[in-house]
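This is a predicted model, so every value here is computed, not measured. Both backbone and side-chain heavy atoms feed into the values below; hydrogens, waters and symmetry mates do not. Index from 1, following the sequence. Atoms within each ligand, like the ligands themselves, are counted from 1 in listed order.
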Amino acid sequence: MRTVTKDTITQSFLDYVADDTDPRLKFILEKLAHHLHDFVRETALTHDEWRKGLEILYGSGEISTPERNEFVLLSDVLGLSSLVDMVNSAEDGTPSSVLGPFHILGAPDVPVGADLVGDNTGDISVVGGRVLTTDGAPIEGAELEIWQTAENGLYSGQDEAQPEYNLRAHMTTDADGRYLFSTVRPAPYTVPDDGPVGELLHATGRHPWRPSHLHFIVTAKGHRSLVTEVFPNDDPYLDEDAVFGVREQLIMEYQERTDASALPNDLAIKDKLDGKFYQVDFDFVLSSE
Ligand code: BEZ
Ligand code: FE
């Protein structure tokens, strides 16, 4: 096409896409072109604004390292990551939520009832529940990856003072589908805001805080894998998570307790609990594959 106008450029672009292009790629490009071009037409984007957008992307590349991916963070704060989660989340199981950048492979294998407290300080919490099918049947042998921040709001890997696998574990459910561990209560924390994403947050009057949460990846044969996180109902940032990860079904409660006698006997810390502790009950429902 020799003459391109603002009204025909979208079709011109699509005409360039070869007929034998992978159909899904073609579909995605078609939608992307429509939405991007409409965005420019609808906003009448200026050259300065376009350049600023490209600067954000350039700056994201500059600040990214293998440990810090500013593009993922950009996707997170724009709500894109959560939207992809929601579009792909099983309707009949526990909702998924953002993976975040702090999961690492190789967490130690621990038995049901394990104590993760170690040298950590903070409110002692006993966290447990069952992994279930959508019919409510317990899933034996489901695997859980668990990770969380320490009381200072930092993950091991971010904080030299913490051992490599501090507050991280891999657990396999028992015959009743149970998982159980003792830990300390994690803290709310901020996503990195010293780069272009932070600049965007600050320019729009947004803060970088996430409500405190426990991360889980739950997998079991014949079921869809679940990447999710659970949030306490009393967290001050519950309704303003910087990365839009909270879902109603992922909210739990730190129930204050003083009597440990009713806790399961396989809880390693049981006999050492004297005084106040907290209990969290949360079941995961895995959708069939
Ligand atoms: C996290 O929960 O670990 C996380 C998620 C998105 C951005 C930063 C951190
Ligand atoms: Fe996190």
Side-chain angles (χ1 to χ4, degrees), residues 56 59-60 63-89 94-107 116 120 122-123 125 127 144-159 162 164-170 181 183-202 204 206-218 225-247 249-252 254 280 282 284:
I56 291 174
S60 296
I63 206 168
S64 289
T65 63
E67 291 78 36
R68 172 177 182 171
N69 188 327
E70 193 81 355
F71 292 101
V72 174
L73 190 59
L74 186 59
S75 159
D76 293 341
V77 303
L78 289 176
L80 273 183
S81 310
S82 278
L83 196 49
V84 173
D85 273 342
M86 287 187 272
V87 165
N88 290 284
S89 194
T94 300
S96 62
S97 184
V98 286
L99 171 68
F102 300 117
H103 174 249
I104 54 173
L105 294 170
L116 309 187
N120 294 280
D123 288 335
S125 313
V127 181
L144 293 97
E145 289 273 332
I146 302 156
W147 72 106
Q148 64 163 91
T149 70
E151 200 187 23
N152 62 2
L154 295 173
Y155 289 91
S156 73
Q158 288 183 293
D159 178 4
Q162 295 182 42
E164 186 177 8
Y165 290 111
N166 192 42
L167 300 171
R168 297 174 184 272
H170 173 266
F181 58 97
T183 184
V184 292
R185 186 172 169 156
Y189 62 85
T190 58
V191 299
D193 66 343
D194 56 344
V197 169
E199 200 190 318
L200 192 64
L201 291 177
H202 298 304
T204 53
R206 285 176 60 181
H207 65 65
W209 286 91
R210 293 214 67 202
S212 70
H213 50 270
L214 301 169
H215 285 276
F216 293 90
I217 298 176
V218 190
S225 298
L226 173 68
V227 177
T228 197
E229 32 179 10
V230 297
F231 304 87
N233 60 358
D234 58 352
D235 193 285
Y237 297 106
L238 199 60
D239 292 311
E240 41 189 280
D241 181 1
V243 304
F244 309 98
V246 181
R247 315 274 175 270
Q249 302 96 307
L250 298 177
I251 297 174
M252 46 75 163
Y254 280 89
V280 172
F282 195 88
F284 296 99

Protein N, O or S within less than 2.8 Å of the Fe ion (ligand 2), waters excluded: Y155 OH, Y189 OH, H213 NE2, H215 NE2
Close-contact set for ligand 1 against F102 heavy atoms, below 4.0 Å: 3 (O), 9 (C)
Closest to atom 5 (C) of ligand 1 among P211, S212, A242, G100 (heavy-atom distance): G100
Considering all heavy atoms, the nearest F244-L78 contact: CE1-C, 4.2 Å
Working for side-chain contact (heavy atoms from CB on, under 4.5 Å), residues M252 and V127: CA-CA 10 Å; M252 46 75 163; V127 181; over 6 Å; no
Where ligand 1 meets H215 - atom numbers and elements under 4.0 angstrom, heavy-atom basis: 1 (C), 2 (O), 3 (O)
Nearest neighbour in protein (non-hydrogen) for atom 3 (O) of ligand 1: Y189 OH, 2.7 Å
Residues which pass side chain to side chain contact (heavy atoms under 4.5 Å, CB included) with T65, listed by chain and number, not counting sequence neighbours: E67, R68
Protein contact to atom 6 (C) of ligand 1 [nearest heavy atom, distance to 0.1 Å]: D76 OD2, 3.2 Å
Interfacing atoms of ligand 1 (cut-off 4.0 Å, heavy-atom, V191): 7 (C), 8 (C)
Reported NE2-to-CZ distance for the pair H103 and F216, which is rounded to 0.5 angstrom: 12.0 Å
Heavy-atom nearest neighbour in the protein, as seen from atom 2 (O) of ligand 1, with distance rounded to 0.1 Å: R210 NH1, 2.5 Å
Ring-ring centroid check F102 H215, cutoff 6.0 Å: no
Stepwise side-chain contact (heavy atoms from CB on, under 4.5 Å) check, L167 with Y155: CA-CA 8 Å; L167 300 171; Y155 289 91; over 6 Å; no
Nearest neighbour in protein (non-hydrogen) for atom 9 (C) of ligand 1: P101 CD, 3.3 Å
Minimum-distance pair of heavy atoms, taken over all atoms of E145 and A107: OE1-CB, 4.3 Å
Y189 side chain to H213 side chain, donor-acceptor N/O pair below 3.5 angstrom: yes
Side-chain donor/acceptor of S60 to backbone N/O of V197, under 3.5 Å: no
Within-cut-off N or O pair, H213 and ligand 1, under 3.5 Å: yes
Over 12 foreign heavy atoms within 6.0 Å of CG, N88: yes
